[in-house]
Amino acid sequence: MGVSFLSTCPSLLSLVANDTPPSTRYHPRSVSVCCNKTISDVAGEEPFHWRRREVLKCVGATVGLEIIGSSGSLVGMANAADLIERRQRSEFQSQVKGTLFNAIKGNPDIIPSLLTLALNDALTYDKATKSGGPNGSIRFSSEISRPENTGLSPALNLLEEVKKEIDSYSKGGPISYADLINYAAQSAVKATFLASAIRKCGGNEEKGNILYNAYGSSGQWGLFDRQFGRADAQDPDPEGRVPIWEKASVQEMKDKFSAVGFGPRQLAVLSAFLGPDQNATETLLASDPDVAPWVQKYQRSRETVSQTDYEVDLITTFTKLSTLGQQINYEAYTYPRQKIDITKLKL
């Protein structure tokens, strides 16, 4: 049996002139502009015809230039506002990650439950009705108490305490449970990979950090980090959508994953999320000819220094899992910039 994903948890630490007659050629005393009419009140010259399209062309060009002239400042303001909002979200996101990392570092044994919590919250998604998904509904007592969620209450309790801390410094409103649960799982995944790197360095934290920064796939989290702004469900999701992983057959697992658009590859790579004992889960999955090659592939990958195949596939699959059926609010957690009252400035 290969190295388990969770086995190292305890060790975690101007206009064109052609449209206008030359002034030296025409000397009008008075001119009336009439579309498709002859202008006859012109001294010493043959009649000159203005057509509607020439008039409209001139007017349109003038208006166009006015719009172009003013649009630069509007675009600049829009870009500036967008940059401010993105910076606000990024700063808040960094704080959230820091808070979660510290909470998990102090409770490494909670990692399997945090992963399963995120999975069970997400797999209530139903493609036919476009309902459920990673919407934080698992926070409701009637849902967390279901058989498939047995043993997950301590993880939810930990996140309740973490949420209080995050909300205390958030300037853009409280964090949603949907975001919190998924970012907790992300932190758990990162923490486990870091712990694995430290283990490979004989328990030396400094060397382990260097190893993970050099060979880890942390950059693969870019797409996941942009999906920040999930809304919370207001009611529990329907029952019967999530299997009891410890009791489910491989076929039941495959059917559930297939229902949300996943296959054997995703089932194998998410083995650490399927209950508290990853080794037991992988032993069961390896009995299925469709899933076994992927289980073996990821076990071999976890034995390497970089773990690239396993880590990249896990991050990619979890990113998709974390957005099933969700509409992301990209303005979430932003807030008005403080205005300066210049009348109070002392010069």
Side-chain angles (χ1 to χ4, degrees), residues 1-9 12 97 111-112 114-123 125 133-134 181-197 199-200 211-227 243 245 248 250 253-326:
M1 180 60 62
V3 178
S4 168
F5 171 75
L6 300 172
S7 63
T8 57
C9 291
L12 173 65
K97 289 180 181 181
I111 286 177
L114 288 174
L115 299 178
T116 306
L117 188 74
L119 179 73
N120 286 7
D121 189 45
L123 285 187
Y125 177 61
I181 290 169
N182 281 282
Y183 274 80
Q186 180 204 32
S187 293
V189 170
K190 283 186 171 183
T192 308
F193 279 121
L194 177 59
S196 178
R199 179 181 61 80
K200 287 181 171 68
L211 178 65
Y212 181 66
N213 289 331
Y215 293 101
S217 302
S218 187
Q220 293 289 327
W221 287 107
L223 180 58
F224 175 86
D225 285 342
R226 288 194 288 274
Q227 313 306 307
W245 302 113
V250 179
M253 295 182 187
K254 290 168 66 177
D255 290 344
K256 180 57 198 179
F257 271 62
S258 177
V260 298
F262 288 166
R265 180 176 188 171
Q266 289 75 36
L267 177 57
V269 81
L270 287 177
S271 60
F273 291 69
L274 304 175
D277 190 339
Q278 184 183 12
N279 285 328
T281 299
E282 290 193 337
T283 299
L284 177 62
L285 292 176
S287 67
D288 184 274
D290 294 327
V291 189
W294 295 106
V295 171
Q296 295 162 8
K297 173 185 175 69
Y298 296 133
Q299 287 177 344
R300 289 193 299 269
S301 179
R302 290 199 299 267
E303 293 173 350
T304 66
V305 171
S306 64
Q307 304 187 65
T308 302
D309 289 342
Y310 177 60
E311 190 171 3
V312 169
D313 283 4
L314 177 59
I315 293 170
T316 302
T317 302
F318 177 57
T319 298
K320 183 177 180 180
L321 177 75
S322 72
T323 57
L324 289 174
Q326 301 307 294

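Not measured: the values here are computed from a predicted model. This chain uses plain numbering: 1 for the first residue, then up along the sequence.
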Looking only at side-chain N and O atoms, does Ser322 offer a donor or acceptor that is under 3.5 Å from a partner on Gln227? no
Mind checking whether Gln220 and Thr319 have side chains closer than 4.5 Å, heavy atoms only? no
Compare every heavy atom of Ala268 with every heavy atom of Val291, then report the nearest pair and how far apart it is. CG1-CB, 3.9 Å
Report the distance from atom OH of Tyr183 to atom CH2 of Trp221, rounding to the nearest 0.5 Å. 9.5 Å
Could you tell me whether a side-chain N or O of Tyr298 sits under 3.5 Å from a main-chain N or O of Gln307, the two making a donor and an acceptor? no
Minimum heavy-atom separation for Ser271 to Gln278, with atom names? OG-NE2, 3.1 Å
Any donor-acceptor N/O pair, Thr116 side chain to Phe273 backbone, under 3.5 Å: yes
Reported CG-to-CG distance for the pair Asp290 and Leu285, which is rounded to 0.5 angstrom: 11.5 Å
Show the nearest heavy-atom pair for residues Asn182 and Phe224, with the distance to one decimal. O-CZ, 3.6 Å
Check whether Lys256 reaches the backbone of Pro243 with its side chain - one donor and one acceptor, N or O, closer than 3.5 Å. no
Answer whether the closest heavy-atom distance between the side chains of Pro134 and Leu321 falls below 4.5 Å. no
Can Gln266 and Thr317 be counted as having a side-chain donor-acceptor contact under 3.5 angstrom? no
Mind checking whether Arg265 and Phe257 have side chains closer than 4.5 Å, heavy atoms only? no
Measure from the side-chain N and O atoms of Ser301 to the backbone N and O of Lys297, and report whether any donor-acceptor pair falls under 3.5 Å. no
Can Lys320 and Thr316 be counted as having a side-chain donor-acceptor contact under 3.5 angstrom? no
Any donor-acceptor N/O pair, Ser196 side chain to Thr192 backbone, under 3.5 Å: no
So which atom in Lys200 and which in Val305 form the shortest heavy-atom distance, rounded to 0.1 Å? CE-CA, 3.9 Å
Could you check whether any side-chain heavy atom of Trp245 comes within less than 4.5 Å of a side-chain heavy atom of Asn120, counting everything from C-beta outward? yes
If you measure from CG on Leu284 to CG on Leu274, what distance do you get to the nearest 0.5 Å? 9.5 Å
Roughly how far apart are Ser218 OG and Lys190 NZ, rounded to 0.5 Å? 4.0 Å
Give the ring-plane orientation class for Tyr212 versus Phe193, where under 30° counts as parallel, over 60° as perpendicular and anything between as tilted. parallel
For residues Leu211 and Ala197, report the shortest heavy-atom separation together with the two atoms involved. CD2-O, 3.7 Å
If I take atom CG from residue Leu267 and atom OG1 from residue Thr281, how far apart are they, to the nearest 0.5 angstrom? 9.5 Å
